[in-house]
Amino acid sequence: MPFDPFAEIVRGFEGEPAELIPILQRVQAIYGYLSPESVGRISRWLRISENEIFGVATFFAQFRFSQPGEHVIKVCLGTACHVKGGEQILDVLKRRLDIQPGESTADGRYQLERVACLGCCALAPVLAIDEKVYADTSVLRVHQMLEERENREDA
Ligand code: FES
């Protein structure tokens, strides 16, 4: 019999609707996100509609619906960053990468996230790419930053 990863995911569960959250957590831990295929399998197994599953999962910030990107861009929208233009920086990234927060680019290179505070409010507006924090950013700086990264990765 061929190996079925879903059978491993639900091993130890009874197939009760009340088990939805721990099953979603296990899928997310293994794959890093909840794919439409995973949601479909869970829906059939627990006899819960896919809409209900999405409704529950979107309530919790821990669940993602797209594959994690290679690099994570976190835009701070805490109070200090918000008043200094954090929202405009997020808008530029959304347009430039053609994704919404919580999504990854089609090539899998970037994942965009909004965060409440990166812990360096005096340097607002702030964003981080992976572990590197960029202070006192601007719309222009974001364009330059992405271009520099693209040139480096193409080299
Ligand atoms: S509010 Fe942005 S770093 Fe604190």
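For this chain, numbers begin at 1 and follow the sequence in order. Indexing begins at 1, ligand by ligand and atom by atom, following the structure's order.
- R26 contributes atom CZ, which lies 9.5 Å from atom CD of E19 (distance to the nearest 0.5 angstrom).
- In summary, no N, O or S atom of C121 is located under 2.8 Å from atom 2 (Fe) of ligand 1.
- Between the D136 side chain and the L123 main chain, no donor and acceptor come within less than 3.5 Å of each other.
- Between H71 and Y110, the angle of the ring planes lies from 30° to 60°, which puts this pair in the tilted group.
- Those atoms of ligand 1 with a heavy atom of C117 less than 4.0 angstrom away are 1 (S), 3 (S), 4 (Fe).
- Using a 3.5 Å distance cut-off with no hydrogens or angles, the side chains of R64 and S104 do pair a donor with an acceptor.
- In the vicinity of C76, heavy-atom distances shorter than 4.0 Å reach the ligand 1 atoms 1 (S), 2 (Fe), 3 (S).
- By the neighbour-count criterion of 12 heavy atoms within 6.0 Å, atom CG of D98 is sparsely surrounded, having that number or fewer from other residues, nucleotides or ligands.
- Residue C81: an N/O/S atom is found under 2.8 Å from atom 2 (Fe) of ligand 1.
- The nearest heavy-atom contact from the protein to atom 3 (S) of ligand 1 is L118 N, 3.3 Å.
- Contact annotation: G119 has at least one heavy atom less than 4.0 Å from an atom of ligand 1.
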